[in-house]
Amino acid sequence: MPFDRTIKIAPSILAADFADFGAECAAVEAQGADWIHVDVMDGHFVPNITFGPATCAAIRPHIKGVMDVHLMIAPVDPYIDAFAQAGADVLTAHVEAGPHIHRTLQAIRGAGMKAGVALNPGTPASAVAEVLDMVDLICVMTVNPGFGGQKFIDMTAKISALRDMIGDRPVHIEIDGGVDPTTAPLVAKAGADVLVAGSAVFRGGSVSDPAPYGDNIRAIRAAAEGVWT
Ligand code: DX5
Ligand code: ZN
């Protein structure tokens with residue numbers, strides 16, 4: 001997983017057909033997705049339940065590229081090895097998920113994965129100031145986690161602050177929630193490089209008619225990259 005700051009589109013399978021994850025992952029990759037974003041929810045840290053490591057392991061052979069697993073669970077530490085075994089490339093834990101994010105991030109890297117830390121909309125950039133050298137990715141939530149299809153919350157000031165804090169470190173800034181061709185330029189301009197999008201990628205398409213996935217991915221990418229032209 002070489003590091004760069006080019007725009008990467010990461011479809012969230014929270015908006016895919018839950019009965020057909022393998023084919024959905026293959027379809028969005030064939031249509032231009034850079035990473036696959038996998039949302040794990042426990043009905044405790046967030047008010048919704050999705051699936052756990054066994055489902056991630058089942059999906060893994062259907063993903064050629066990066067499997068980016070976003071844990072919306074608490075506690076995290078008892079499950080880190082299970083997600084490593086499931087084949088996660090990036091494992092992201094929320095800074096709000098417990099008092100020992102430092103230990104959690106050490107354990108994620110120790111298990112051989114890239115470590116991500118996520119911040120809810122109500123959490124300031126300063127919450128990750130002491131772990132910048134322990135992470136490969138910072139995920140800025142632009143919705144309150146738990147559900148797809150929510151309205152984008154403007155976090156551009158926080159994204160810019162994180163971009164300054166990161167400096168030359170090889171740390172991705174990922175944006176999660178309400179990303180579409182309208183909001184993508186705002187977050188790209190502020191310094192984000194990984195754009196998660198669920199409903200804005202999967203809308204209008206299906207495994208049997210995947211071309212809209214490609215149209216949607218290209219529209220988000222063009223809007224984000226347009227910032228730099
Ligand atoms: C929210 C999830 C997101 C979500 C994004 O809790 O972490 O990844 O699927 O969905 P959209 O793009 O529809 O806001
Ligand atoms: Zn997510």
Side-chain angles (χ1 to χ4, degrees), residues 7-18 21 24-25 28 31 33-53 55-56 59 63 66-74 76 79 83 88-97 108 113-123 135-155 159 172-188 192-205 212-213 215-221 223-224:
I7 294 293
K8 289 162 282 293
I9 308 297
S12 163
I13 60 166
L14 192 60
D17 177 356
F18 269 46
F21 278 143
E24 290 276 44
C25 290
V28 286
Q31 293 293 326
D34 298 292
W35 294 9
I36 302 292
H37 185 83
V38 179
D39 286 308
V40 176
M41 303 185 186
D42 67 353
H44 165 75
F45 181 72
V46 290
N48 192 11
I49 301 174
T50 53
F51 47 76
T55 304
C56 293
I59 295 169
I63 299 174
V66 172
M67 183 160 84
D68 172 37
V69 177
H70 177 193
L71 298 182
M72 287 160 276
I73 68 173
V76 170
Y79 303 101
F83 285 101
D89 296 296
V90 182
L91 193 66
T92 296
H94 270 259
V95 71
E96 306 87 358
I108 292 172
M113 296 173 285
K114 300 284 186 190
V117 64
L119 296 90
N120 282 332
T123 302
V135 295
D136 303 285
L137 176 147
I138 300 174
C139 175
V140 177
M141 296 302 303
T142 39
V143 298
N144 285 296
F147 302 95
Q150 301 184 81
K151 189 176 178 324
F152 177 83
I153 302 169
D154 189 349
M155 291 281 130
I159 298 163
H172 298 289
I173 297 182
E174 175 177 77
I175 307 302
D176 191 2
V179 172
D180 63 20
T182 303
T183 56
L186 306 175
V187 298
D193 62 296
V194 184
L195 307 186
V196 175
S199 38
V201 166
F202 285 94
R203 72 166 57 105
Y213 296 165
D215 295 339
N216 294 338
I217 289 168
R218 281 188 291 278
I220 298 167
R221 193 190 305 280

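Whatever order the structure lists ligands and atoms in, that order sets their numbers, starting from 1. The residues of the chain are indexed from 1 along the displayed sequence.
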Restricting to side-chain hydrogen bond (donor to acceptor under 3.5 Å, both in side chains), what partner residues turn up for H70, sequence neighbours left out? H37, D39, H94, D176
So, does T183 use its side chain to make a donor-acceptor pair with the main chain of G178 at under 3.5 Å? yes
Listing by chain and number, which residues have a heavy atom under 4.0 Å from ligand 1? S12, L14, H37, D39, M41, H70, M72, M141, P145, G146, F147, G148, G149, D176, G177, G178, V196, A197, G198, S199
Could you tell me whether a side-chain N or O of N120 sits under 3.5 Å from a main-chain N or O of G122, the two making a donor and an acceptor? no
Side-chain donor/acceptor of D193 to backbone N/O of I173, under 3.5 Å: yes
For residues 135-150, which residue pairs qualify under salt bridge (charged side-chain N to carboxylate O under 4.0 Å, His left out), counting only residues two or more places apart or in two chains? R109-D136
Heavy-atom neighbours of F152 CZ exceed 12 at 6.0 Å: yes
What's within reach of the Zn ion (ligand 2), meaning protein N/O/S atoms under 2.8 Å? H37 NE2, D39 OD1, H70 ND1, D176 OD2
Would the distance check show the side chain of E24 and the main-chain N or O of I13 forming a donor-acceptor pair, the cut-off being under 3.5 Å? no
Verify, without hydrogens or angle tests, whether N144 (side chain) and P121 (backbone) share a donor-acceptor contact under 3.5 angstrom. no
Given 3.5 Å as the limit, does a donor-acceptor pair link the side chain of D34 with the main chain of I9, or not? yes
